[in-house]
Amino acid sequence: MKAKKIYYSIVVGLQSLLILLLLVNVGYCLVTSDLTMFPTTALYLNFYPFINFCQTHNPYDLLVFISLMILILVMHFATIYILFKKVKRIYAWVVIVNAYMYALTLYSNGDLIYVLKGGAYLIYGYSNVAMFCLLFIAALIKLYRKRVHINSSLADDYFLPNEEDDRPEDKCDRTIQACILAPIFQIACFAFSLITKYYGSLLENYLFLFYIVFVIVSIFIFAFSYRDYKNVAKSNQFSDERIAKVEKYIKIQPITFALFLASAVLIFAF
């Protein structure tokens, strides 16, 4: 337990440092009007739109910069809360999306090898690879449960809950988990779509098709979650409080789906 806390502290500490170095670089550019990227600014994904805005004063660059900054900060603080607080394992997928942002940084900025020379590119590349691996491992640790083998053909093997799980999962929990996964999936899809569009990667020509697939998957998640909620409500196996809790999560899904559709404006309207 103590070893996990130490590892989590190292992970969030390093990410905090990378975000701080990004903000220092942005502050330096604003104060001196010198649009220089420091070798330690590993979060080039967030820095590039800022530089573009300073050079072109295009409002779209500013919108992308603000969107990516909000995204990285929300993911960071959510990761801190999830790793250090007693929460359900399903929230570990937020940490995976956080790691995914560093993979997107490398995916979108391959041309930096021609801009950053020698050690500067190594610092940039290794920093992003390291953060991806550290966050991904932290998420796997959070998701881990020990399997207990039952020597009987009449019973299924049982997974011991980790310290964040107070009791075995039931149908209500599975429905709630689907409702939690939906916005996490939509955030990941939004990040991929925005970065693919803004940085003009090879997949840009297929972006609209990707977005349609993302929307269809979101609809299916909502449809199956709503079906499970109806089955739970009709089963008479759960208390009114449990059903009310599931209903609360179900009502959140249309809101997050509407926001996901609205995000298409930022991606396709400019």
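Throughout, numbering of the chain's residues begins at 1 and tracks the sequence. Every value quoted in this text rests on a predicted model; they were computed, and no experiment measured them.
Between V94 and M75, the closest heavy-atom pair is O-SD, 4.0 Å. Here the closest heavy-atom approach between residue M101 and residue I72 is recorded as CB-CD1, 4.4 Å. Annotation for L266 and S67: closest pair CD2-OG, 3.4 Å, computed over non-hydrogen atoms. Minimum heavy-atom separation, V87 to K142: CG2-CE, 4.3 Å. Pairing each heavy atom of L68 with each of N46, the nearest pair is O-ND2, 3.0 Å.
Between F210 and F214, the ring planes lie parallel to each other; the angle is under 30°, not in the 30° to 60° tilted range. Aromatic ring pairs are classed by plane angle as parallel below 30°, tilted from 30° to 60° and perpendicular above 60°; the pair F268 and F208 is perpendicular. Classification of the Y198-Y60 ring pair by plane angle, with boundaries at 30° and 60°, yields tilted.
Taking the six-membered ring for Trp and the full ring otherwise, F224 and Y229 have centroids separated by 6.0 Å or more.
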- Task: Check step by step if side-chain contact (heavy atoms from CB on, under 4.5 Å) holds for F53 and V64.
- Result: CA-CA 10 Å; F53 173 72; V64 173; over 6 Å; no

- Message: What verdict does the side chain to side chain donor-acceptor pair (under 3.5 Å) test give for Y249 and Q177, after you've listed the backbone C-alpha separation in whole Å, the side-chain angles of each residue and the deciding distance to 0.1 Å?
- Response: CA-CA 9 Å; Y249 279 91; Q177 287 173 3; over 6 Å; no

- Steps toward side-chain contact (heavy atoms from CB on, under 4.5 Å) verdict (Q15, L134): CA-CA 10 Å; Q15 187 175 28; L134 290 171; over 6 Å; no

- Given the rule in the side-chain contact (heavy atoms from CB on, under 4.5 Å) test, do D34 and C29 qualify, once you have shown the distances and angles that lead to the verdict? CA-CA 5 Å; D34 179 11; C29 294; over 6 Å; no

- Give the intermediate values and the outcome of side-chain contact (heavy atoms from CB on, under 4.5 Å) for residues T196 and Y206. CA-CA 10 Å; T196 299; Y206 308 98; over 6 Å; no

- Message: Checking S225 against Q253 for the side chain to side chain donor-acceptor pair (under 3.5 Å) test, could you report, in this order, the C-alpha distance in whole Å, the side-chain angles of both residues, the deciding distance, and whether it holds?
- Response: CA-CA 9 Å; S225 300; Q253 276 212 56; 3.2 Å; yes

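N25 places a side-chain N or O within 3.5 Å of a backbone atom of T36 that can act as its donor or acceptor partner.
The CZ atom of R227 sits 9.0 Å away from the OG1 atom of T175 when rounded to the nearest 0.5 Å. Between the SG atom of C133 and the CG atom of L135 there is a distance of 9.5 Å, given to the nearest 0.5 Å. To the nearest 0.5 Å, atoms OG1 (T256) and CD1 (I187) are separated by 9.0 Å.
Residues L181 and I216 share a hydrophobic cluster, clusters being chains of Ile/Leu/Val/Met/Phe/Trp/Tyr side chains in contact below 4.5 Å. Residues V31 and F50 are members of separate hydrophobic clusters, defined by side-chain heavy-atom contacts under 4.5 angstrom among Ile, Leu, Val, Met, Phe, Trp and Tyr.
Around atom OH of Y226, no more than 12 heavy atoms belonging to other residues, nucleotides or ligands sit under 6.0 Å away. Within a 6.0 Å sphere centred on CZ of F84, heavy atoms belonging to other residues, nucleotides or ligands number more than 12. Within a 6.0 Å radius of OH in Y28, more than 12 heavy atoms belonging to other residues, nucleotides or ligands are found.
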